[in-house]
Amino acid sequence: MSKPEKLIVDGKRLDGRGPFDMRPIKFTAGVLKRADGSCYLEFGGNKVMAAVYGPREVHPRHMQNASRAIVRYRYNMASFSVEERKRPGPDRRSIEISKVSREALEGVVMEELYPRSAIDVFVEILQADAGSRVAGINAASVALADAGIPMKCLVSAVAVGKIDGEVVLDLNKDEDNYGSADLPIAMNQFGEITLCQMDGHLTEEEFGRALDMAVDGCKKIHELQKQALIEKYGQDITPDVAQPIEGGETNE
Amino acid sequence: MSKPEKLIVDGKRLDGRGPFDMRPIKFTAGVLKRADGSCYLEFGGNKVMAAVYGPREVHPRHMQNASRAIVRYRYNMASFSVEERKRPGPDRRSIEISKVSREALEGVVMEELYPRSAIDVFVEILQADAGSRVAGINAASVALADAGIPMKCLVSAVAVGKIDGEVVLDLNKDEDNYGSADLPIAMNQFGEITLCQMDGHLTEEEFGRALDMAVDGCKKIHELQKQALIEKYGQDITPDVAQPIEGGETNE
Amino acid sequence: MSKPEKLIVDGKRLDGRGPFDMRPIKFTAGVLKRADGSCYLEFGGNKVMAAVYGPREVHPRHMQNASRAIVRYRYNMASFSVEERKRPGPDRRSIEISKVSREALEGVVMEELYPRSAIDVFVEILQADAGSRVAGINAASVALADAGIPMKCLVSAVAVGKIDGEVVLDLNKDEDNYGSADLPIAMNQFGEITLCQMDGHLTEEEFGRALDMAVDGCKKIHELQKQALIEKYGQDITPDVAQPIEGGETNE
Amino acid sequence: MSEDVIAEIKRDYIFSLAAQGDRADGRKFDEYRPISVEVGVIDKAEGSSRVKIGNTQVIVGVKMQPGEPFPDTPDTGVIITNLELVPLASPTFESGPPREDAIELARVTDRGVRESGAIDLSKLCIESGQKVWMVFIDVHVLDHDGNLMDAASLGAIAALKNTKVPNTKFGLGEDVPLPLNDVPVAVTAINVGNAILLDPSLDEGNVAPCRLTVITNKEGALAGMQKSGVGTLTPDQIKYIVHIASEKANVLREKLEGIQ
Amino acid sequence: MSEDVIAEIKRDYIFSLAAQGDRADGRKFDEYRPISVEVGVIDKAEGSSRVKIGNTQVIVGVKMQPGEPFPDTPDTGVIITNLELVPLASPTFESGPPREDAIELARVTDRGVRESGAIDLSKLCIESGQKVWMVFIDVHVLDHDGNLMDAASLGAIAALKNTKVPNTKFGLGEDVPLPLNDVPVAVTAINVGNAILLDPSLDEGNVAPCRLTVITNKEGALAGMQKSGVGTLTPDQIKYIVHIASEKANVLREKLEGIQ
Amino acid sequence: MSEDVIAEIKRDYIFSLAAQGDRADGRKFDEYRPISVEVGVIDKAEGSSRVKIGNTQVIVGVKMQPGEPFPDTPDTGVIITNLELVPLASPTFESGPPREDAIELARVTDRGVRESGAIDLSKLCIESGQKVWMVFIDVHVLDHDGNLMDAASLGAIAALKNTKVPNTKFGLGEDVPLPLNDVPVAVTAINVGNAILLDPSLDEGNVAPCRLTVITNKEGALAGMQKSGVGTLTPDQIKYIVHIASEKANVLREKLEGIQ
């Protein structure tokens, strides 16, 4: 698509969504035989497979941690997942995404239960639309639960962006290409932010609104994640989070 | 050479050979000082040096096998061995050839005698004509014997191909370039196939004939290997294989 | 600069120096917080930072030496240190320089005091003029002393070259580009040569004079190194070398 | 129980079943697990497929872009086949550059497509000596439950049948189907004792001394073959496998009919 | 004492100080260590800077050379940002290819420059579709005593302000200053207990559960943001950090005034 | 006996022999082991040689192909020298990218050829600024029994003397001999106690504190020099080695006479 004149017409985005609408999302838990846990996610045009192995032995041994499990995360794009064929193997972008995605999930995993072991999270982007990193985190979170890894709660993620000067939820590829800001956010069920990146241009006020919008989006995604697990297990296996907290205290 | 009109004229191939003839072959065992065993082989235009080290300690230790020796095989082409200079170092082709060549030899080595150790086979292609992989296996087999590695028997290898619609033994480079099938085969003295690859186009009937022709070729090469070892040691040091078996039973 | 007609005019080099003059040299010891020892050196247009860490543990363990410390040396050019941007990371030139520089210093370090440990010397060339390898060795030597590593003595280094048919001390970049020989030399305080490389064209007689000139240059540099350490420590901390020896016996 | 002991028990079980004419999952010796072939699963690719053989699952994407021909074949398109054993697909796969197993699978898949003349490469010239179509066949293994070779090969040919030459994207006219000549099919066998089993499951593949893959074309002629593994096969065993592989290939080829 | 115990003691010390409104080096929560910015320190570079924040020290060199534009932006210069955590700068850095920390620092520095539109890339076209200026920003870390992110970002922008387009060298006319539009500044905060501290020292950074870097432009709008580390931040904490980062950026920006 | 003890015994033996004016293989201090030089051993190369010094054995192949000149030397051919310490040649060599020893050997060999002006590179221009001959000198070590440096250097120059510029292959006329100006020769010495020994055997090289290689041209002038190893040499020792190296080079150069 070449740059359209407007990305929002009569309050509707070009794919017909309102500012607060997310693209169609479909989680399926437990789709792989070999992995200990897995999840296939279609999130708009993103097609994402996540698998979890572990807790398992760490090689080489000097990477072991004597007091807790280490979490490893590999975000990988299939060569055919994008418009122009991508060379196989990690590049700088995927290394950064793997790092922040791991950090987004690591805090909810009860690592102290499995000293000296590794929990491996593998995310394959089979088709990439905008938002593949948040899609990956969402699928990985369900795959961790499917693998029976003890967790404090699930992590949910979504991106907010700005198009035609308006803050909107969950950019698609065209909106991302021609939009002016991108804010991927991940959140745990306590309302705490576990991933926060941003590039583009946002005023402080716009940022505040965008962040609130992301928090709402994450809550909706959490419901879908929970449903996917219920579908597979016939019951709610997500951790029981007594009272989600809506932001903590600061020294403001 | 640009493509000739015919590759077989009056029943003779362009280098004067008949369909069942192999190119000149010369094995020399024990040609290197440092290696535990070695063999230099000229096989048509192929010039191949094979060396064996071991049994020796394995580094890193996690690659050791507690119950047997591991066999490693490196097929490597010198930069100047081919028409257009080859970049040094392994490429995908040489990695595949190293794998199947190792598998072709591993079964005849008595690995169980040397737990936790490695037997390293290094094959340098100094000049490549067609059939360098089978030349490498032939030389490696003699180098293993020269190194005194206990073996059940030698392994012998040759390629069969198809040119001008005829199945012929041991293609040279021009025949390989303009031929229509290539079938490298390795065989142990029990008549069992240890390497079998094929590409090109062969009917089932042609394949059957080609395989029989390869079996005959391997037997001839085995004689030359044995002679090379006798030349060096003054006696036949090849293992005493009671009764070579001509094919096993199947559930046909 | 394009090639000038002459590099020596009326006995003076184009930058005004005589044949025996070195460029301005300034050592500053102890300039980094994190390193155990460090030295910043401006040597003509060279800007060099050297740091020393150790003795410290060696990973992986199989690189340890049970009877002495290992010395490691990394010569690295910043991308922006040369006229045309250099790709980050080691190339063949820097690997060779790291090797010979390590060998130039290793002999004066009392390695036997620290078995199983490593002494790491890191040299960053922030700006390169001719002679960056000798500048690196000079700075590294001071950084080793600054780190308190026990040494038999300091090592000093300088290059001699030939321009317009004359042997001169310490080539600058233009002289190096258009000169006809380059002889980098490092020497310990016993008058023994620890680094000696040469390329270009020198008669045996010219070489003899060049080597003598380098020996004199090293002595001058040694004084500057000693001063830099006195400046930092308020006293002479360089090892007490009883009687520097002016060349050993040979079987001439 | 140690892994070695478990492996030993599995081996004995599989061999003694085979001696009785049986397999652990009840299949006949020459019977494949259920096979499914979907195409068009990746919109971003010029062609794509998802193939399942039992629980083994691969996705293949075909991308095409103009590039320079090889100097000695100035009028001929170029095939580049790659296969990734991503660590998601098996506890034994590792991150990092492809290892010999992945390279072997990719190269055998590639030879099957190439040597059978499956793609009519002469129709993929854009400008002689300057520009031809590069056909990238990328096989992405998602779940490794045995017999990757046949899944990769079947996936590749299904994705190629699904491929449109993206002329529009590069201003070269209308998109057209990739010109195909043949439909090569790989059939993999193992020998377990004196039994020859097709489509080895993961456990069967692990205990078998070696595998033989036979790639045949529409007419039943051989286009490729690869023995993989340390074990041996007699000439008669090989001839037998070639024979049944060429028959069985016709059954697999039916799965590809109607696909486009 | 084991390293773990020392780490524990440091953590307790820093947290309890913060609870009392204090920091180990006596700074206020929103106070930076002394900052120095020098430019023109590398003659061989088109622009360069040496930035110190406390003992943290980086050198940034900018090199420019003509190169090919990306196909989709034929009239636009290209920015390539690289950062090297050379082992000279810290006992914990290692030789070898850049690891995820170095890549993250480089990419966040790059996005700060890029997304704020700091460089007027439209003026870096030499010949449309054929040749544009490539701007290489190389950050070389010399001493890592905490808060590399802000030092790298400040160093990059200082070096860019110091950069002359080397037209002479490539026969393209007179050298001119690199055309700049904005001066983005990164401010990094950590939360320690309930305290938000700016410019974390090495020890503070090590014990903090995570960092948040906020990059703002001249007008106080956000151009980039990056949370780094396993810990969490509440939305309110993030909003508070955004607010003070944008204020503090003005103070840092003064250090860059007059530089050219 | 441990390896260390064996090494100690060898060291003592070699040093005490040298103190008596002797060597383990009975050679004089300035005597080389038997040298053989063959050329034309690899038909696929434009030039090739096999050099043996004692049991040390190298094969050198020279390949030539047209390529782009460096921008600053548009009329000058390009030399690329590579040396592979393949693991076949010694129990201590390993597979993988070349390590510092291989790189040093290649670079010293390269400098010897280059700095002596052995090849007349000005005659290797095909089209100014566009196309020149690239001369690839590949040294393949087959058996490492000491003094690889001299074998590599001798092999390189022998292969160059054997080289024909492959004009025919690239449609550039008749093949002609590679234009050579000089015949640089490397001579390597060690000091053992107070003895200077040429052509160190493997054991001698291992126990010597360092080596000095001196490369001289036909006129006896120096074209290159490299000290390798941790030990030291006095200036007088170096001058002495330079002197005898230049004399001994004439003897080695005779081995190259008549070669083409």
Side-chain angles (χ1 to χ4, degrees), chain C residues 1 30-40 42 44-60 72-90 94-95 98 118 120-129 132 136 139-140 143 147 173, chain E residues 3 33 40-50 52-65 67 80-98 102 106 134-146 148 159 163 166 169-170 201-202:
Chain C
M1 191 173 91
V31 294
L32 297 179
K33 169 91 181 309
R34 300 300 303 284
D36 296 323
S38 60
C39 175
Y40 178 67
E42 295 196 354
N46 292 292
K47 298 185 178 187
V48 175
M49 183 72 85
V52 169
Y53 286 89
R56 62 180 177 180
E57 223 181 316
V58 178
H59 289 295
R72 296 185 289 204
Y73 191 104
R74 180 181 130 115
Y75 167 100
N76 185 51
M77 300 187 94
S79 298
F80 46 71
S81 64
V82 280
E83 207 56 47
E84 192 172 348
R85 179 177 183 269
K86 192 199 158 289
R87 279 173 63 110
S94 68
I95 289 170
S98 295
D120 282 312
V121 182
F122 300 117
V123 170
E124 296 294 324
I125 308 300
L126 301 171
Q127 183 163 293
D129 213 4
S132 68
K173 187 72 190 156
Chain E
E3 278 181 43
R33 291 166 294 174
V41 295
I42 302 295
D43 312 334
K44 303 254 168 169
E46 269 68 73
S48 61
S49 71
R50 181 196 305 260
K52 294 184 190 174
I53 302 184
N55 283 309
T56 289
Q57 184 179 165
V58 305
I59 290 198
V60 181
V62 174
K63 301 284 285 184
M64 292 182 70
Q65 60 192 50
I80 297 114
T81 305
N82 196 63
L83 180 143
E84 290 230 52
L85 294 178
V86 291
L88 165 137
S90 163
T92 62
F93 295 167
E94 286 175 24
S95 300
M134 324 275 288
V135 184
F136 292 91
I137 304 172
D138 281 293
V139 183
H140 215 78
V141 176
L142 291 185
D143 214 355
H144 171 28
D145 200 34
L148 283 180
T163 297
K169 194 158 130 191
F170 295 95
S201 69
L202 185 69

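Note: hydrogens, waters and symmetry copies are ignored here, and every other heavy atom, side chains too, is used. Naming: A, B, ... by sequence-line order, numbering from 1 per chain.
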Please test E/Lys169 against C/Glu83 for salt bridge (Lys or Arg N to Asp or Glu O under 4.0 Å), starting from the C-alpha separation and ending with a verdict. CA-CA 10 Å; E/Lys169 194 158 130 191; C/Glu83 207 56 47; 3.7 Å; yes
Just wondering, do [Y] and [X] contact through their side chains at under 4.5 Å, heavy atoms?
X        : Y       : answer
E/Leu88  : C/Asn76 : no
E/Ile59  : C/Met49 : no
E/Leu202 : C/Arg34 : yes

Let's test your reading of the structure: which of [options] forms the most heavy-atom pairs below 4.5 Å with chain E?
options                              : answer
C/Arg72, C/Glu124, C/Arg85           : C/Arg85
C/Ala50, C/Ala35, C/Gly45, C/Ala78   : C/Ala78
C/Asp120, C/Val82, C/Asp36, C/Asp129 : C/Val82
C/Pro90, C/Ser38, C/Pro88            : C/Pro88
C/Leu126, C/Val123, C/Leu32          : C/Leu32

Please identify, among E/His144, E/Glu84, E/Lys44, the residue contributing the most non-hydrogen atom pairs under 4.5 Å to chain C.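 Option with the top pair count is E/Lys44.
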Which of E/Gly96, E/Pro87, E/Gly61, E/Ala45 touches chain C most, by non-hydrogen pairs under 4.5 Å: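 Top option by heavy-atom pairs under 4.5 Å: E/Pro87.
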Which bit of E/Lys63 comes within less than 4.5 Å of chain C, counting heavy atoms only: side chain, backbone, both or neither?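 E/Lys63 touches chain C through side-chain heavy atoms alone.
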Where on E/Asp138 is there a heavy atom nearer than 4.5 Å to chain C: the side chain, the backbone, both, or neither?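 When you check distances to chain C, atoms from both the backbone and side chain of E/Asp138 fall under 4.5 Å.
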Test salt bridge (Lys or Arg N to Asp or Glu O under 4.0 Å) on E/Asp143 and C/Lys33; report intermediate values, then the result. CA-CA 7 Å; E/Asp143 214 355; C/Lys33 169 91 181 309; over 6 Å; no
For the atom pair [atom1] ([X]) and [atom2] ([Y]), what is the distance rounded to the nearest 0.5 Å?
X       : Y       : atom1 : atom2 : result
C/Phe80 : E/Glu46 : CZ    : CD    : 12.5 Å
E/Phe93 : C/Tyr53 : CZ    : OH    : 8.0 Å
C/Ser81 : E/Ile42 : OG    : CD1   : 8.0 Å

At a heavy-atom separation under 4.5 Å, does C/Arg74 approach chain E through its side chain, its backbone, both, or neither?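 Side chain of C/Arg74 only, per the 4.5 Å heavy-atom cut-off to chain E.
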Is it the backbone or the side chain of C/Arg56 that comes under 4.5 Å from a heavy atom of chain E, or both, or neither?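 Contact with chain E: side chain only.
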